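Written below as structure tokens is the structure these notes are about.
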Protein chains: 2
Amino acid sequence: MDNYKIDQVALQSGLTKRTIRYYEEIGILPPPKRSEGGTRYYNEEHIELLKRIKYTKDALGLSLEELQHFIALSNLIESQKVSFKQTAERREQREKLLSIIDTLDEELILIEQKILKIERVKEDLTNLKKRAQAVIEKINLEEVK
Amino acid sequence: MDNYKIDQVALQSGLTKRTIRYYEEIGILPPPKRSEGGTRYYNEEHIELLKRIKYTKDALGLSLEELQHFIALSNLIESQKVSFKQTAERREQREKLLSIIDTLDEELILIEQKILKIERVKEDLTNLKKRAQAVIEKINLEEVK
DNA sequence: ATGAACGTTGACGTTAATGTTATATTAGTG
DNA sequence: CACTAATATAACATTAACGTCAACGTTCAT
């Protein structure tokens with residue numbers, strides 16, 4: 001029936017209950033339905049979103065505030081999926097989508113840059129390794145003498 | 001003469017004076033020489049290290065504590081560069097270097113994983129973009145009708 | 001030798017992102 | 001229905017990584 005209580009959600013998303021409520025509080029997780037008594041009931045989408053939040057945050061090292069932007073985009077697109085009949089609305093909708101794409105492009109660029117940075121760090125470490133190996137070589141040569 | 005005061009170092013490294021002292025305090029920046037009166041005098045290496053710290057931290061999104069490991073390695077290697085004459089010491093040194101290389105390998109693996117994660121996020125965004133474009137297509141088709 | 005500019009320590013402040021604890025309700029089971 | 005386990009809210013605590021400010025000492029160019 002797609003009704004998960006917070007403990008289940010915590011288990012499946014890998015976040016703590018505190019964190020899940022906090023994410024709702026700061027507005028990055030949409031408030032789930034509540035029972036009569038106030039117990040939160042989540043659905044699959046909540047869980048998926050939480051996983052994505054965690055994953056993206058971890059991968060990019062973003063603050064939750066920065067994450068908002070990332071997360072908001074997919075919702076925006078979903079909300080634009082409904083089709084309208086009137087020409088004016090179609091224009092407006094297309095404009096909106098184009099600006100979403102612009103934003104996406106900017107974020108893709110940011111990600112590219114991040115990858116480049118990481119690869120540079122990787123190179124640094126690789127060089128360190130080479131240096132260490134060189135020193136070992138030197139030691140081995142001395143050994144033979 | 002290679003003697004930089006903290007203001008210079010801040011300028012060149014892009015960190016604040018507070019941050020530089022803080023890094024010394026928590027042990028990720030080696031204490032520089034001091035003047036009679038207590039003023040810190042840094043050298044090129046300090047500056048290079050600070051730049052690396054900043055860069056690596058930014059690229060990998062590590063906490064300063066996690067960074068310690070990363071940063072410590074290059075110093076370790078430098079300190080092993082001196083060559084010793086005695087066989088026993090050579091063995092010991094080689095062991096140390098080999099273990100350093102092991103650590104480096106582990107960190108390289110971590111970096112690889114990080115890159116993979118980021119690429120997955122990138123894919124997600126790319127898919128979002130495709131979806132947005134698909135919606136636009138649909139709108140355009142309706143237009144023609 | 002002096003004053004402006006810079007440096008030092010120390011302490012308290014701040015912000016994000018939770019952890020923890022207490023107290024009160026609620027949900028589900030025998 | 002009674003009980004136990006889970007949930008809710010609220011409030012205070014914590015940690016990292018600095019920022020800021022005060023009070024005081026140091027440098028150095030004039």
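Letters A, B, ... mirror the listed sequences (proteins, then strands); counts begin at 1. Quick caveat: nothing in here was measured; it's all calculated off a predicted structure.
- Atom CD in A:Q8 sits 10.5 Å away from atom OG in A:S13 (nearest 0.5 Å).
- At a threshold of 4.5 Å between non-hydrogen side-chain atoms, the residues A:H46 and A:V9 do not count as touching.
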Show your reasoning for whether side-chain contact (heavy atoms from CB on, under 4.5 Å) applies to A:I53 and A:T19.
-> CA-CA 12 Å; A:I53 291 174; A:T19 299; over 6 Å; no
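- Here the straight-line distance linking atom CD of B:E92 with atom CG of B:L97 works out to 11.0 Å at 0.5 Å rounding.
- Taking every heavy atom of residues 8-17 of chain B and every atom of DNA chain C, pairs under 4.0 Å involve B:K17, by number.
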Report, one pair per line, the protein and nucleotides 23-27 of chain C atoms (nitrogen or oxygen only) whose separation is under 3.5 Å.
residue: C:dA27; atom: OP1; partner: A:S35; partner atom: OG; Å: 2.6
residue: C:dA27; atom: OP1; partner: A:G37; partner atom: N; Å: 3.4

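- Chain B approaches DNA chain D over the interval D:dA17 to D:dC28, counting the first and last nucleotide 5' to 3' with an atom under 4.0 Å from its heavy atoms.
- A:E45 CD: 12 or fewer foreign heavy atoms inside a 6.0 Å radius.
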A:Y4 and A:E44: side-chain contact (heavy atoms from CB on, under 4.5 Å), yes or no, with the steps?
-> CA-CA 8 Å; A:Y4 304 92; A:E44 294 284 354; 2.5 Å; yes
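- Judged by distance alone, with hydrogens and angles left aside, the side-chain atoms of A:Q93 form a donor-acceptor pair with the main-chain N or O of A:Q80 at under 3.5 Å.
- Rounding to the nearest 0.5 angstrom, the gap separating the CZ atom in B:R90 from the CD atom in A:E143 is 5.0 Å.
- When the P atom of C:dA11 is taken as reference, atom CZ of B:R21 falls 15 Å away, rounded to whole Å.
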What's touching nucleotides 12-17 of chain C from the protein side, N or O pairs under 3.5 Å?
residue: C:dA17; atom: OP1; partner: A:L64; partner atom: N; Å: 2.7

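- Here B:E48 contributes atom CD and B:N43 contributes atom CG; the two are 10.0 Å apart, rounded to the nearest 0.5 Å.
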Below 3.5 Å, can you tabulate the donor-acceptor pairs from side chains in residues 128-137 of chain A to any protein atom, sequence neighbours excluded?
residue: A:K129; atom: NZ; partner: B:D105; partner atom: OD1; Å: 2.8
residue: A:R131; atom: NH1; partner: B:E78; partner atom: OE2; Å: 2.3

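- Looking at B:K5, its side chain never comes within 3.5 Å of a backbone N or O of B:T39 through a donor-acceptor pair.
- Counting to the nearest Å, the P atom of C:dG28 and the CG atom of A:D7 are 13 Å from each other.
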Could you tabulate the donor-acceptor pairs under 3.5 Å formed by side-chain atoms of residues 66-76 of chain B, not counting sequence neighbours?
residue: B:E66; atom: OE1; partner: B:S63; partner atom: N; Å: 2.7
residue: B:E66; atom: OE1; partner: B:S63; partner atom: OG; Å: 3.1
residue: B:S74; atom: OG; partner: B:R52; partner atom: NH1; Å: 3.0
residue: B:S74; atom: OG; partner: B:I71; partner atom: O; Å: 3.3

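- The structure places OH of B:Y42 at 5.5 Å from CD of B:E24, a figure rounded to the nearest 0.5 Å.
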